[in-house]
Structure formats: C-alpha cells, structure tokens
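Everything on this sheet refers to the single structure shown next.
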Amino acid sequence: MAKPYSVSRRTVLIGAAGLAATATLPAASARGANSSPALRLTAAPARVRLVGGAPETAVWCYDGRVPGPELRLPQGERVRVDVINGLPEPTTVHWHGIRTPNAMDGVPDVTQPAIAPGQSFSYVFDLPDAGTYWYHPHYRSAAQVGRGLFGAIIVAEREAVAVDRDVVWVLHDWRLGRDAQDQDDFGNMMDASHAGRLGNTVTLNGQVPEKFAVRAGERLRLRLINAANARIFGLDFTGHRPWIVALDGQPIAPHQPADGRIVLGPAQRVDVILDMAGEPGRAYAVVDGFYARQAYRLVDLAYEPGAAPRSGTRGSVPSLPPNALAEPDLERTERHAIEFGGGMMDPKMMRGGMGGMMGMMDRMGGGMAWTINGRSASGHLHEPMLSLRTGRSYLFAMVNDTAWHHPIHLHGMVFRVLRRDGAPVPRPEWRDTVLMAPGERVEIAFVADNPGDWMFHCHILEHQEAGMMATIRVA
Ligand code: C2O
Ligand code: CU
C-alpha cells in the first residue's frame, strides 16, 4: 500500500506563516482573493500507538495519525480540501458544525456520491464562523469514526484572543482487546439499542494520557472535542475553575458551570478558559465522572516545578466575538413537535403493552431500534420529515421519550436552545448538537437560512445507524 501522504502540523497552520505549505500541496483551482492554499487529507488504514507500552493498534485514520491533522484556518477564508480515499470501502467527509453549502456537507447519496476506494473528492467551502469544529466520515459512521477517522478544524477569530496557549483536546473512546486491537463488533444490536458502543479505553489526542504539562499562572484556551461514538464526558478539573466561553464553536457569555463539571455529548465541543492557579510541582487530576460509579482519571494537569511566572490572578475572562448568525424571530416561529422514541426499556412500550412491544420487535428485526416521529430511517436518502421555507424561523419542541441520552445534531444551521423541561436556559446559547436526557423536553429555534436537504440525527453513531435520523428540507 502506498505510504499515506502526511502533512506536518506546521504545514496545516495556514495563514501568513503557513505559505511554505504551498510548495508541497497542489495549487487550488478555487483560489480567490480570500482562499487558503489547498489542503489534502488521505483516509487510509494505519497502525498507531494508542497506549504507551502496548502494541500498535490497527486503525483507519487521516494522514496516518489519530486524530487526523489539526486544520487551523482564518475566519472568512475559502478552504479547499482534497480528500483521497485509501480505505477498502467508500467514505465521505462531513465538516461538523461548519455552515457549508449543502453540496459540501459530505452526506452520501444526498449531497454527493460516496468517494469510492482509490478516488478523491474536493470539498470547497467558506468559513463563516470562528470556533472549534471537527471533521469525520458520514458513511458507515459508527465503524469509520470508531476506527479513528476524525480530526479537529479550528477557525481562528479575526483578532487573536489573549491567552498564553491555545490547546485542542480531541477525546475518543475505543473498545480494545488485550492485544490493544479494536474489537471489530460495530453495528451489533446490543450496543445499538442501549447507550451505543461504549469502549474501555479513552484517548486524548490519540494517546491514553498520563500528564498534561502546565505552568503556574498561565491562561489556557482549551478546546474540548468529543469525537467518541457514544461516550458522554463529564469533566471535573479538580482544584481549578474553568470558564466556559463557547459551545459547539459558538461564543457564549463566559460562565462557570454550577457544579464545576464540563459535559460533552458525542460531537459536542466546549471551549474553556483555564487559569492555571495550582501550585508548581503538583499534579491535579481531570476526572470524567459522567456515568455514575464509573468515574476515572482522564489525565493529570502536571505543574512544572519552580516559582510561578505570573501572579496567578488574571482578572476577568473576556467574551469571544460573536459570529454573524441569524436570530430566529420568536414572535413568528412555526412550531413543530418532534418525538424521539425506541430503544430498550422504551417508556412507550412500558405504557402501551403489547402494541409497543410488537413495534419494537418489528424494528429490531430490520436492524432498527429508534424512531423520530415514529419513523426509522435506514440510509441517508429518504423522504424529508419536514419541509421548511428558506428564511423563515422555526421552533422544534422536542421530547426524548426514551430511557437514554441522545445528542441531537442538525446539519447546515445552528440553533438557539430556548427551554429545557419548560424552563428558559440560563443564558442565550447556540448549538449544533444538543444533549437530551432521558424523558427531557428541549425547545430549539433557528432560521432556515441554508437551502438543501439536511440530516437531523442522534450523534450516538450506533443510534443514528439504527434509525434515529431524519431529513429536514430547506427550500
Ligand atoms: Cu457529526 Cu451528521 O454529523
Ligand atoms: Cu441517540
């Protein structure tokens, strides 16, 4: 097999300092005044060391590494990414959270034919919003993302945000055997009808981490990305008080979560400002305690010894500059009720007796476990669940009528989260993926300002493939 093309971290730092990259990259045909040099990503099998001291793991990934290259680009630019498929099966790339034109959304059979093995596809799109995003396949996502195909795409604000370091933590979850190989059990009904494929090994930037080195007094911008198939993270930074400054890439009024915990459902991102107020030489655990009785230490923040270079008091945390998003007109929204159903311990089945039971058996016979408004989608191409008019405001009154969490993602547009269980959210919030607890009601609103057929699905990838997906048409 050909050696995968690899770009060094530096060559993808596009901008004034990144021009050296053009020598080794193909010229962009789509280059205009505001275009970045073309980038290239090759999806292919590789072997990487996820666990120190353990054998290498056979993975599928971009450019031979997990996560794939961190793409860092300036807001407002047009980017071109040539994706080469070196996998033994088709693939696509979806730019999660970036408001691309529909044709660049990477959804097989809907926005493009899947890229066949040995073929390539050029994605060209603008970067309207600064923030933290990620890319991943949308073809057999559970297996392809699960095996390591994911990476961060960071869109830098026009004016630099004042921090000492800007760091990305891409989190993923693997189900490894004792030989450190991924257990090839994607798509089984057990995972699909429960919490999804939870693994046994969590990696941070592709490694089971021991420590993350910090210096007393420095201010970090930490961009957390949950690239796991199914695992929800609830991170406690012991001894520290992180400030949340952005959710799913979109700025939010800086605040500290009431219980100190940073929660990320699959596909969600949280940007935090972290002032390193600990003592030099000490280590502080970052603990993931989302699942009751299964808390574990993700990593230690390890302070370098020696005196603090700064006083440690950094004053207030500034708000990030907002992106230009259309505010939904809440006086004039058209309201749609959306119900998520199915799964094991289905409340409807408990309530409805045999009828509900038969429905579940039927679905599971066909590999489906979940529904949106009573329907299970198999594959991406299907009749739209809703047709929306371009430019109008919509409110989705969503109810999670299941016994499980679901991170619900809309392609193409971002939405306001308005209310949870009837109570207004404490501060205005934009999202592309909203985590719904079992039984929870969530209201979201948005302007349907991006025409096309857009996927609307649970981002627990096993749930998505077992029917928890629908199409929203904007025309
Ligand atoms: Cu992150 Cu439909 O995807
Ligand atoms: Cu789900």
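Whatever order the structure lists them in is the order used to number ligands and atoms, beginning at 1.
- The existence of a salt bridge linking Asp432 and Arg99 is excluded, since no basic side-chain nitrogen approaches an acidic carboxylate oxygen closer than 4.0 Å.
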* Given the rule in the side chain to side chain donor-acceptor pair (under 3.5 Å) test, do Glu334 and His336 qualify, once you have shown the distances and angles that lead to the verdict? -> CA-CA 7 Å; Glu334 187 177 299; His336 292 276; 2.9 Å; yes

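- Among heteroatoms of the N, O or S kind in His463, ND1 lies nearest the Cu ion (ligand 2).
- The Cu ion (ligand 2) lies at the vertex of an angle of 130° between the ND1 atom of His406 and the SG atom of Cys458 (rounded to 10°).
- With a 6.0 Å cutoff to the six-membered ring centre and a 45° limit on the axis angle, Arg197 counts as a cation-pi contact of Phe186.
- Using a 3.5 Å distance cut-off with no hydrogens or angles, the side chains of His459 and His96 do pair a donor with an acceptor.
- No side-chain N or O of Asp453 forms a donor-acceptor pair with one of Thr471 less than 3.5 Å apart.
- Within the coordination shell of atom 1 (Cu) of ligand 1, defined by N, O or S atoms under 2.8 Å, His138 is absent.
- The atom of His457 that is an N, O or S and sits closest to atom 2 (Cu) of ligand 1 is NE2.
- For residue His459, no N/O/S atom approaches the Cu ion (ligand 2) to within less than 2.8 Å.
- Between Glu429 and Arg431 there is a salt bridge, since a side-chain N of the basic residue sits under 4.0 Å from a carboxylate O of the acidic one.
- Residue side and main chain included, His459 places an N/O/S atom under 2.8 Å of atom 1 (Cu) of ligand 1.
- For a distance bound of 2.8 Å, the N, O or S atoms of His96 include one lying that close to atom 1 (Cu) of ligand 1.
- Because the distance cut-off is set at 2.8 Å, His94 fails to qualify as a neighbour of atom 2 (Cu) of ligand 1, as none of its N, O or S atoms comes that close.
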